[in-house]
Amino acid sequence: MTEKLLQYLWNYKIFKNFDFKDIEGNSVEIIHFGKWNKNAGPDFLDAKIKINGLLLAGNIELHIRSSDWIFHNHSQDPNYQNIILHVVLQHDIEVQELTGKHVPTLELKNHIDENIILKYEKLINGNEFIPCENIFDPKKVPVNFHEENILKKLDEKSEELEQSLTRYKNNFEAVLFHSFAYSFGLKVNAHIFRQIAESVDYSIINKIRQNPLQLEALLFGISGWLENPQDGQMKIWKREFDFIKAKFSISDLKFHPKFLRLRPPNFPTIRLSQLADLYQHQNLFSKIMEARSAEQLYSIFKSIKASEYWDFHFNFGSISKVQPKTLSRDFIDLLILNTVLPLKYTYHKYHREEITDEVIELYKTVSAEKNTIITGWKKLELEITNALESQSLIYHYKNYCEEKSCLQCSIGSKLLTSH
C-alpha cells in the first residue's frame with residue numbers, strides 16, 4: 001500500500017463499507033470527502049464531516065500510519081493547522097498534537113478490500129509490456145478512450161506550437177516549415193533538421209522556394225556538405241549556396257545531419273531534397289488548412305520526390321541503381337499525423353468549433369502505425385484498425401504505462417476495482 005493509492009481510494013470512495021468510526025469508537029459521517037490536492041499541503045481540502053453531533057469543515061490529511069504525521073514534520077507546518085480529520089490505514093501511535101486539538105483519527109484497514117492492494121502492488125512492481133498485462137481485459141477500455149487520448153495529445157502539441165508561434169510572431173507558415181523539417185528528419189535527425197530550418201529567417205525560404213535548386217542548395221550548404229564538391233552537380237549547388245549566403249548574409253553556422261543506423265531511403269540527403277520539393281507547392285499552407293479529407297491531404301504529398309540527381313544517388317558522389325525517391329504512403333501518414341493534424345487543430349481551434357470532430361475523423365482515415373508498441377497492444381487482443389487507435393495507444397503507453405501511472409489511467413481504475 002502506498003499513500004498515493006490510499007488517496008486514490010479516498011477520492012473515489014472505494015471502500016467495503018462506510019460505517020466509519022474514529023479510534024475512540026465515535027461514529028464519523030463524511031459529508032464531503034474534500035477536493036484532492038495534488039500540490040503542497042493537506043491531501044484533501046474543503047471537506048465536511050459530522051462527529052458527536054458537530055459539523056466540522058476544513059482539511060483532511062491521509063497517511064499509511066499515524067506516526068507519519070510526526071515523520072513528515074506536519075506539526076511545524078502552518079498549512080496543517082486546519083485539519084479536521086486524520087485518516088490512516090493503520091493506527092500505530094497517539095499523536096499528542098492531534099489529540100490535544102481534538103482532531104479525530106480514522107483507521108481504514110478494515111474498510112479496504114485487500115484484493116485492490118494486491119492488484120496495485122502487482123501493477124507497480126511488474127516488468128511486463130504494460131503494468132496490467134496479466135489482468136488486462138479489452139472490455140475494460142472505456143467508451144471514447146481513444147478520442148480522449150488524442151485530444152490530450154493534440155492539446156499538448158498545440159501548446160508547443162503556440163510557443164513557437166509566439167517566438168515567430170504568429171507566422172504559421174514559418175512554424176509549418178519548421179514542423180515539416182522536424183518530421184522529415186525522423187527520430188535520428190529531427191532536432192538537427194529543425195535547427196537547419198530555424199537557422200534561416202523564413203522570409204528567405206519564401207523568396208527562394210520557387211527555385212528548388214536554390215532551396216536544396218541552401219539546405220545542403222547549411223548541413224556542411226558542399227565544402228568539397230565531388231561532382232558537377234555539387235559544384236552547381238555550391239555556387240548557388242555561395243550566392244544565397246552572400247545575398248542574404250547567411251550565418252557560417254553548420255548543422256551536420258547523421259547517417260548512422262539509417263536505411264538509404266531515409267538518408268538526410270534524400271529527406272532534405274524531398275523537403276525542398278514539397279516547398280515548390282504554391283499556397284502550401286492554405287491547401288493544408290483547407291483540406292477536409294485524407295485524400296485531399298495525400299494529393300499534396302503523393303507527387304513529392306527528391307530531385308533528379310537523387311534518382312541514382314543516396315549520398316553525394318556515389319552512384320546507385322536508378323530509383324526515383326518518392327514519399328511512401330507510410331511516410332506521408334507520418335507527416336499528416338505529426339505535422340499536419342496538430343497544426344491544423346491549432347490553427348482552427350479558436351475559430352471553428354467543428355475542428356475537433358473533423359481532426360478526429362481524419363485520424364480515423366489514416367492507417368495505423370506498425371511498431372513495437374502497437375505489436376504489444378495487439379498481443380493483448382486489442383483491435384487496432386486506424387491511426388486514431390494507434391496514436392491513442394502510443395500516447396497512453398508513453399504517458400501512463402511507462403510511468404506506471406495506473407491510478408490516473410481510466411483502464412487501470414476499472415481493472416483495480418473489478419472483481
Side-chain angles (χ1 to χ4, degrees), residues 146-206 209 219 255 271-272 274-276 278-279 281 283-294 296-298 300-301 304 327 331-366 369 387-388 390-399:
H146 298 306
E147 287 83 353
E148 288 174 9
N149 273 337
I150 289 299
L151 287 176
K152 287 178 194 172
K153 178 184 170 74
L154 282 170
D155 283 331
E156 289 174 13
K157 184 65 178 174
S158 188
E159 260 187 58
E160 292 176 22
L161 288 169
E162 285 173 346
Q163 289 173 10
S164 292
L165 285 164
T166 300
R167 183 178 169 191
Y168 291 101
K169 299 178 181 177
N170 221 35
N171 188 335
F172 272 91
E173 295 205 34
V175 172
L176 178 65
F177 179 64
H178 303 156
S179 298
F180 269 134
Y182 185 88
S183 291
F184 270 87
L186 298 169
K187 285 184 181 178
V188 173
N189 286 309
H191 291 286
I192 297 172
F193 274 28
R194 189 200 290 276
Q195 287 175 321
I196 291 170
E198 291 180 344
S199 69
V200 180
D201 192 285
Y202 183 72
S203 63
I204 297 171
I205 303 294
N206 217 18
R209 60 186 289 188
L219 298 176
F255 303 92
R271 292 308 184 194
L272 283 177
Q274 290 167 338
L275 176 62
L278 173 63
Y279 267 77
H281 265 283
N283 305 315
L284 178 63
F285 179 80
S286 298
K287 288 178 181 177
I288 286 171
M289 291 305 117
E290 291 167 8
R292 297 294 179 96
S293 69
Q296 288 176 324
L297 290 172
Y298 284 121
I300 296 170
F301 297 104
I304 302 305
L327 299 182
F331 192 80
I332 295 173
D333 286 345
L334 181 148
L335 295 176
I336 292 172
L337 294 174
N338 292 349
T339 297
V340 173
L341 295 185
L343 195 65
K344 194 176 180 68
Y345 174 77
T346 303
Y347 182 72
H348 288 299
K349 69 177 182 178
Y350 297 117
H351 312 292
R352 284 179 47 210
E353 289 183 8
E354 69 274 16
I355 190 60
T356 298
D357 293 335
E358 186 179 303
V359 169
I360 292 291
E361 288 306 310
L362 282 168
Y363 271 101
K364 290 179 181 177
T365 59
V366 177
E369 295 99 312
L388 175 71
S390 61
Q391 286 269 297
S392 158
L393 290 166
I394 292 168
Y395 174 86
H396 198 80
Y397 177 79
K398 291 180 177 178
N399 289 274

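All residue numbers refer to positions in the sequence shown, counting from 1.
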Exercise. Report the residue from V359, N149, L362, I360 that forms a side-chain contact (heavy atoms from CB on, under 4.5 Å) with L388.
Key: I360

Quiz item: Is the backbone N or O of Y395 less than 3.5 Å from a side-chain atom of N399, with the two atoms forming a donor-acceptor pair by type?
Solution: yes

Exercise. Calculate, to the nearest 0.5 Å, the distance between atoms CZ and CG belonging to F184 and L186 respectively.
Key: 9.5 Å

Quiz item: Hey, what do you get for CD (Q195) to CG (N189), rounding to the nearest 0.5 Å?
Solution: 10.5 Å

Quiz item: Is the backbone of H281 close enough, under 3.5 Å, to the side chain of R209 for a donor and an acceptor to pair up by distance?
Solution: yes

Quiz item: In Å, rounded to the nearest 0.5 Å, how long is the span from CZ of F285 to NZ of K344?
Solution: 9.5 Å

Using residues 332-339 as the side-chain source, report each donor-acceptor pair under 3.5 Å to any protein atom, sequence neighbours left out, with the distance given to one decimal.
residue, atom, partner, partner atom, Å
D333, OD1, Y298, OH, 2.2
T339, OG1, S179, O, 3.3
T339, OG1, S183, OG, 2.6

Practice problem: Find the distance between CG (L151) and OG (S392) and round it off to the nearest 0.5 Å. | Solution: 10.0 Å

Quiz item: When you look at I355 and Y347, which way does the side-chain contact (heavy atoms from CB on, under 4.5 Å) test go after all the steps?
Solution: CA-CA 9 Å; I355 190 60; Y347 182 72; over 6 Å; no

Exercise. Apply ring-ring contact (aromatic ring centres under 6.0 Å, His included) to Y345 and list each qualifying residue two or more places apart in sequence or on a separate chain.
Key: none

Quiz item: What do the steps show when you test F177 against L284 for side-chain contact (heavy atoms from CB on, under 4.5 Å), and what is the final call?
Solution: CA-CA 10 Å; F177 179 64; L284 178 63; over 6 Å; no

Exercise. Would you please name every residue forming a salt bridge (Lys or Arg N to Asp or Glu O under 4.0 Å) with K364, sequence neighbours left out?
Key: E361

Exercise. Tell me, with the steps shown, if T346 and E159 meet side-chain contact (heavy atoms from CB on, under 4.5 Å).
Key: CA-CA 8 Å; T346 303; E159 260 187 58; over 6 Å; no

Quiz prompt | Verdict with supporting geometry, K153 and E156, salt bridge (Lys or Arg N to Asp or Glu O under 4.0 Å) | solution = CA-CA 5 Å; K153 178 184 170 74; E156 289 174 13; over 6 Å; no

Quiz item: Which pair of non-hydrogen atoms, one from K349 and one from S158, has the smallest distance, and what is that distance?
Solution: NZ-OG, 2.8 Å

Exercise. Write down the atom of L219, the atom of L272, and the distance for their closest heavy-atom approach.
Key: CD1-O, 3.6 Å

Quiz item: Which residues satisfy the ring-ring contact (aromatic ring centres under 6.0 Å, His included) test with H348, sequence neighbours excluded?
Solution: none

Quiz item: Are the side chains of E147 and T356 in touch, meaning some heavy atoms are under 4.5 Å apart?
Solution: no

Quiz prompt | Listed partners of E369 passing salt bridge (Lys or Arg N to Asp or Glu O under 4.0 Å), at least two apart | solution = none

Practice problem: May I ask you to test the F255-E198 pair for a side-chain heavy-atom distance under 4.5 Å? | Solution: no

Quiz item: Are R271 and L327 close enough, and set up right, to give a side-chain contact (heavy atoms from CB on, under 4.5 Å), and what steps lead you there?
Solution: CA-CA 9 Å; R271 292 308 184 194; L327 299 182; 3.8 Å; yes

Quiz item: Is the number of heavy atoms from other residues, nucleotides or ligands under 6.0 Å of Y279 OH greater than 12?
Solution: yes

Quiz item: For E358 and A291, which heavy atoms make the closest approach, and how far apart are they?
Solution: OE2-O, 4.0 Å

Exercise. Verify the neighbour count for atom CD of E354: are there more than 12 heavy atoms of other residues, nucleotides or ligands below 6.0 Å?
Key: yes

Quiz item: Taking the six-membered ring where the residue is Trp, are the ring centres of F193 and F180 under 6.0 Å apart?
Solution: no

Could you tabulate the donor-acceptor pairs under 3.5 Å formed by side-chain atoms of residues 163-176, not counting sequence neighbours?
residue, atom, partner, partner atom, Å
T166, OG1, E162, O, 3.0
N171, OD1, E173, N, 3.1
N171, OD1, A174, N, 3.0

Quiz item: Taking everything shown except K398 itself, do over 12 heavy atoms lie less than 6.0 Å from its NZ?
Solution: no

Quiz item: How close do A294 and T365 get, heavy atom to heavy atom, and via which atoms?
Solution: CB-OG1, 3.2 Å

